[in-house]
Amino acid sequence: MNTNIDPDLPSYSIGVAQKKTSLTARQIRYYEQEGLVKPARSDGNQRLYSKNDILELKQIKELMGQGLSLAGIKKLKKSNEK
DNA sequence: TTTCTGACA
DNA sequence: TGTCAGCA
């Protein structure tokens with residue numbers, strides 16, 4: 001099969017994101033609220049996550065498992081991007 | 001049925 | 001972070 005979809009092509013609902021990241025909708029929404037992830041919006045106001053966003057959420061989960069907090073991840077992300 | 005927002009513990 | 005209510 002040839003699924004040539006871009007890694008930034010948003011097509012996952014939060015339910016799929018939960019399954020793919022092992023996180024809860026609360027955590028995913030909170031991370032987005034903090035600006036850690038930037039999902040697209042569709043049908044009304046539904047979040048649409050891309051493969052890239054799913055990976056981003058997994059990265060956040062990994063950092064949390066390393067003893068980091070939202071503030072710590074935000075600071076780390078800021079250092080990486082800036 | 002699922003998702004979204006806001007608010008509280 | 002979990003949970004509740006009302007809404008689309």
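Each chain gets a letter, A, B and so on, in the order its sequence line appears, and its residues count up from 1.
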Using atom types as modelled, flag every donor-acceptor pair under 3.5 Å from a side chain in residues 33-46 of chain A to any protein atom, sequence neighbours excluded.
{"from": "A:Glu34", "atom 1": "OE1", "to": "A:Lys74", "atom 2": "NZ", "distance (Å)": "2.7"}
{"from": "A:Arg41", "atom 1": "NE", "to": "A:Asn45", "atom 2": "OD1", "distance (Å)": "3.4"}

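We find that CZ of A:Arg29 is positioned 6 Å from C1' of B:dT3, with the value rounded to whole Å. Following rounding to the nearest Å, A:Ile28 (CD1) and B:dT5 (C1') show an atom-to-atom distance of 16 Å. The separation between A:Gln18 atom CD and B:dT2 atom C1' is 10 Å, rounded to whole Å. At whole-Å resolution of the value, CD in A:Glu32 and P in B:dG6 are 11 Å apart.
Dashed line: the shortest gap from a side-chain N or O of A:Tyr31 to OP1 or OP2 of C:dT1 is under 4.0 Å.
Applying the salt bridge (charged side-chain N to carboxylate O under 4.0 Å, His left out) criterion to A:Arg47, with sequence neighbours excluded, gives A:Glu32. For the side-chain hydrogen bond (donor to acceptor under 3.5 Å, both in side chains) test, residues two or more places apart in sequence or in another chain that qualify with A:Tyr31 are A:Gln27.
Within the structure, the side-chain hydrogen bond (donor to acceptor under 3.5 Å, both in side chains) test picks out no pair touching residues 9-23 of chain A (sequence neighbours left out). Sorted by first then second residue, the side-chain hydrogen bond (donor to acceptor under 3.5 Å, both in side chains) pairs that include residues 56-69 of chain A, not counting sequence neighbours, number zero.
Here the straight-line distance linking atom NZ of A:Lys75 with atom CG of A:Leu68 works out to 11.5 Å at 0.5 Å rounding.
By the 4.5 Å side-chain criterion applied to Ile, Leu, Val, Met, Phe, Trp and Tyr, A:Leu48 is assigned to no cluster and stands alone.
Annotation: proximity of residues 60-70 of chain A to DNA chain B (heavy atom, distance under 4.0 Å) is found for no residue. DNA chain B is contacted by A:Arg41, A:Asn45, A:Gln46, A:Arg47 of residues 38-49 of chain A, taking any non-hydrogen atom closer than 4.0 Å.
Listed here is the closest heavy atom pair of A:Leu57 and A:Ala17: CD1-CB, 4.4 Å.
In this structure, A:Leu9 is not a member of the same hydrophobic cluster as A:Ile54, with clusters built from ILVMFWY side-chain heavy atoms closer than 4.5 Å. Residues A:Leu76 and A:Leu23 share a single hydrophobic cluster, defined by chaining ILVMFWY side chains whose heavy atoms lie under 4.5 Å apart.
Counting only Watson-Crick and G-U wobble pairs whose two key distances fall under 3.5 Å, DNA chain C forms stems of three or more stacked pairs at B:4-9 with C:1-6.
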Review point. Yes or no on side chain to side chain contact (heavy atoms under 4.5 Å, CB included) for A:Met64 and A:Leu70, after CA distance, side-chain angles and deciding distance?
Key: CA-CA 8 Å; A:Met64 294 286 261; A:Leu70 267 300; 3.7 Å; yes

